[in-house]
Amino acid sequence: MNRSVIAAAAAFVLIAAPALAPAEDAGASWDDAMAAVLAGDHRGASRSGVPNSSRDGARNPVETLKFFGLQPDSSVVEIWPSGGWYTEIIAPFVAEKGQFYGAHFPGGTDMEFFNRARDAYKAKLEANPEAYGSAQITEMYTGNMALAPEPVDMVLTFRNVHNWMSRDFQDEVMQGFYDALKPGGVLGIVEHRAAPGSEQDPKAVSGYVTEEYTIALAEKAGFVLEAKSEINANPRDTRDHPEGVWTLPPTLRLGDEDREKYVEIGESDRYTLRFRKPEA
């Protein structure tokens, strides 16, 4: 099937079934379960000591996970969970009836950052087995796409597309997602949004990626775009910052320079996309 036909099919889905969120049918029980997770004392803090829960208003986890269709019995892979901000929410939510896999950096490499981050993540899960249940750590890197031991319902990734582009293995990653999912499974992506229609830097040095680029990348692997959402949009973000997205919270790479200005802008403008692996 050529690209124009795929694009037309995706547009039809967006018009015929706009932003359907299966999780919303669960009603109060879904909301109550999620509220309990968000209020849990297992939630940690950033390296600077800022409570992770303080960023809920910028990252909209309830609305985002509803949009993706997360259910208590879902089997989920979170891609490159870093310190585990979303892991703190997703893993406990599915701990009783579903299964969580954190596809982290590979262990035992010569990249010290990878080793430190993975070890800290492992310690985080092991320190609170009551919250994280049977959560497992898997790996994802070029040449190693062993995301889960069996096909899963969902693959979710938050603010990572630019990372794969900087290492030039984004096509391999997207194919790995496709292979890891069950037929009919969901790929959910949140990413920093470059200006619509702008020329995409192939290395995404600023951290911003156009929505069009990410959609084309997923469609190339065989996914169908099912819905878009503006849940994580931030119109205050002008995208022209000296240190790219890392100028803004939570990184604030410039330190005290213009700090109030960037805190006022808040976290980056982001798009939220839901793709589906075809049933056949």
Side-chain angles (χ1 to χ4, degrees), residues 19 38-39 43-68 78-90 105 112-114 116-117 120-121 124 156-167 170 188-215 217 228-274:
L38 292 175
R43 299 190 70 190
S46 68
R47 282 176 291 180
S48 60
V50 177
N52 287 342
S53 58
S54 68
R55 289 153 73 182
D56 290 354
R59 297 191 169 180
N60 309 296
V62 174
E63 297 84 354
T64 300
L65 295 174
K66 273 191 175 183
F67 175 74
F68 289 150
E78 182 188 354
I79 303 298
W80 280 13
S82 188
W85 193 92
Y86 253 106
T87 297
E88 291 181 351
I89 301 170
I90 301 170
F105 305 134
E112 188 55 35
F113 169 75
F114 277 19
R116 287 198 312 269
Y121 185 75
K124 180 189 191 77
L156 304 180
T157 186
F158 305 92
R159 307 172 311 283
N160 274 317
V161 177
H162 61 283
N163 290 319
W164 313 321
M165 293 171 66
S166 71
R167 295 165 171 84
Q170 61 271 28
I189 297 177
V190 177
E191 178 59 310
H192 310 290
R193 174 166 30 210
S198 62
E199 184 177 354
Q200 180 62 58
D201 169 15
K203 294 294 185 180
V205 173
S206 70
Y208 289 98
V209 180
T210 66
E211 189 172 309
E212 296 85 356
Y213 179 91
T214 298
I215 291 171
L217 185 66
K228 304 178 182 182
S229 174
E230 292 299 298
I231 296 165
N232 295 299
N234 179 3
R236 297 186 299 277
D237 181 9
T238 57
R239 312 178 185 88
D240 57 355
H241 318 301
E243 296 291 333
V245 296
W246 301 281
T247 311
L248 300 176
T251 306
L252 293 168
R253 188 171 284 177
L254 295 180
D256 291 333
E257 182 182 343
D258 292 327
R259 186 182 185 89
E260 291 185 8
K261 168 186 172 181
Y262 296 120
V263 168
E264 179 64 24
I265 292 173
E267 295 197 21
S268 66
D269 179 40
R270 297 162 186 167
Y271 50 83
T272 305
L273 306 172
R274 188 175 76 234

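What you see is a predicted model; the values in this text were computed from it and never measured.
In terms of heavy-atom proximity, Met165 sits nearest to Lys203 at O-CD, 3.6 Å. Of all the heavy atoms in Ala204 and His162, the pair that sits closest is CB-CB, 3.7 Å. Looking at every heavy atom in both residues, Gln200 comes nearest to Ala194 through OE1-CB, 4.5 Å. Contact detail for Arg193 and Ala233: the closest heavy-atom pair is NH2-CB, 3.5 Å. Of all heavy-atom pairs spanning Thr210 and Tyr271, the tightest one is O-OH, 3.2 Å. Smallest separation of non-hydrogen atoms from Phe68 and Ile189: CZ-N, 3.6 Å.
The structure places NZ of Lys261 at 6.0 Å from CD1 of Ile265, a figure rounded to the nearest 0.5 Å. With rounding to the nearest 0.5 angstrom, the CZ atom of Arg270 is 13.5 Å from the OG atom of Ser229. Here the CD atom belonging to Glu230 is positioned 7.0 Å from the CG atom belonging to Asp269, to the nearest 0.5 angstrom. A distance of 10.0 Å separates CD of Gln170 from OG1 of Thr214, quoted to the nearest 0.5 Å. Residue Thr157 holds its OG1 atom at 9.0 Å from CH2 of Trp80, rounded to the nearest 0.5 Å. Tyr262 contributes atom OH, which lies 13.0 Å from atom CZ of Arg253 (distance to the nearest 0.5 angstrom).
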Test log, rule side chain to side chain donor-acceptor pair (under 3.5 Å), inputs Asn234 and Glu267:
CA-CA 8 Å; Asn234 179 3; Glu267 295 197 21; over 6 Å; no
Test log, rule side-chain contact (heavy atoms from CB on, under 4.5 Å), inputs Val245 and Thr251:
CA-CA 8 Å; Val245 296; Thr251 306; over 6 Å; no
Decide side chain to side chain donor-acceptor pair (under 3.5 Å) for Asp237 and Ser268; before the verdict, give the C-alpha distance in whole Å, the side-chain angles of both, and the deciding distance to 0.1 Å.
CA-CA 6 Å; Asp237 181 9; Ser268 66; 4.8 Å; no
As a quick check of understanding, evaluate side-chain contact (heavy atoms from CB on, under 4.5 Å) for Thr64 and Asn232, giving each step before the final call.
CA-CA 8 Å; Thr64 300; Asn232 295 299; 3.2 Å; yes
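At a threshold of 4.5 Å between non-hydrogen side-chain atoms, the residues Leu254 and Pro242 count as touching. The shortest side-chain heavy-atom distance between Arg116 and Glu112 falls under the 4.5 Å cut-off. Residues Arg259 and Asp256 form a side-chain contact, since some pair of their non-hydrogen atoms from C-beta on lies under 4.5 Å apart. Under the 4.5 Å side-chain criterion, counting only non-hydrogen atoms from C-beta, Lys228 is in contact with Glu211. In this structure the side chain of Asp56 reaches within 4.5 angstrom of the side chain of Pro61, judged on heavy atoms. Side-chain contact between Asp258 and Thr247: absent, with no pair of heavy atoms (C-beta onward) separated by less than 4.5 Å. By the 4.5 Å heavy-atom criterion applied to side chains, Leu252 and Trp246 are not counted as neighbours.
For the residue pair Asp201 and Ser206, no side-chain donor N or O sits within less than 3.5 Å of a side-chain acceptor on the partner. Asn160 and Glu191 share no donor-acceptor pair across their side chains, judged by distance under 3.5 Å alone.
Using cut-offs of 30° and 60° on the angle between ring planes, the pair Tyr208 and His241 is tilted.
In this structure a side-chain-to-backbone donor-acceptor pair under 3.5 Å is present from Asn60 to Ile231.
For Phe105 and Tyr121, the ring centers sit 6.0 Å or farther from each other.
Taking the ring centre of Phe158 as origin, the terminal cationic atom of Arg59 falls outside the region bounded by 6.0 Å and 45° from the ring axis. With a 6.0 Å cutoff to the six-membered ring centre and a 45° limit on the axis angle, Arg43 counts as a cation-pi contact of Trp85.
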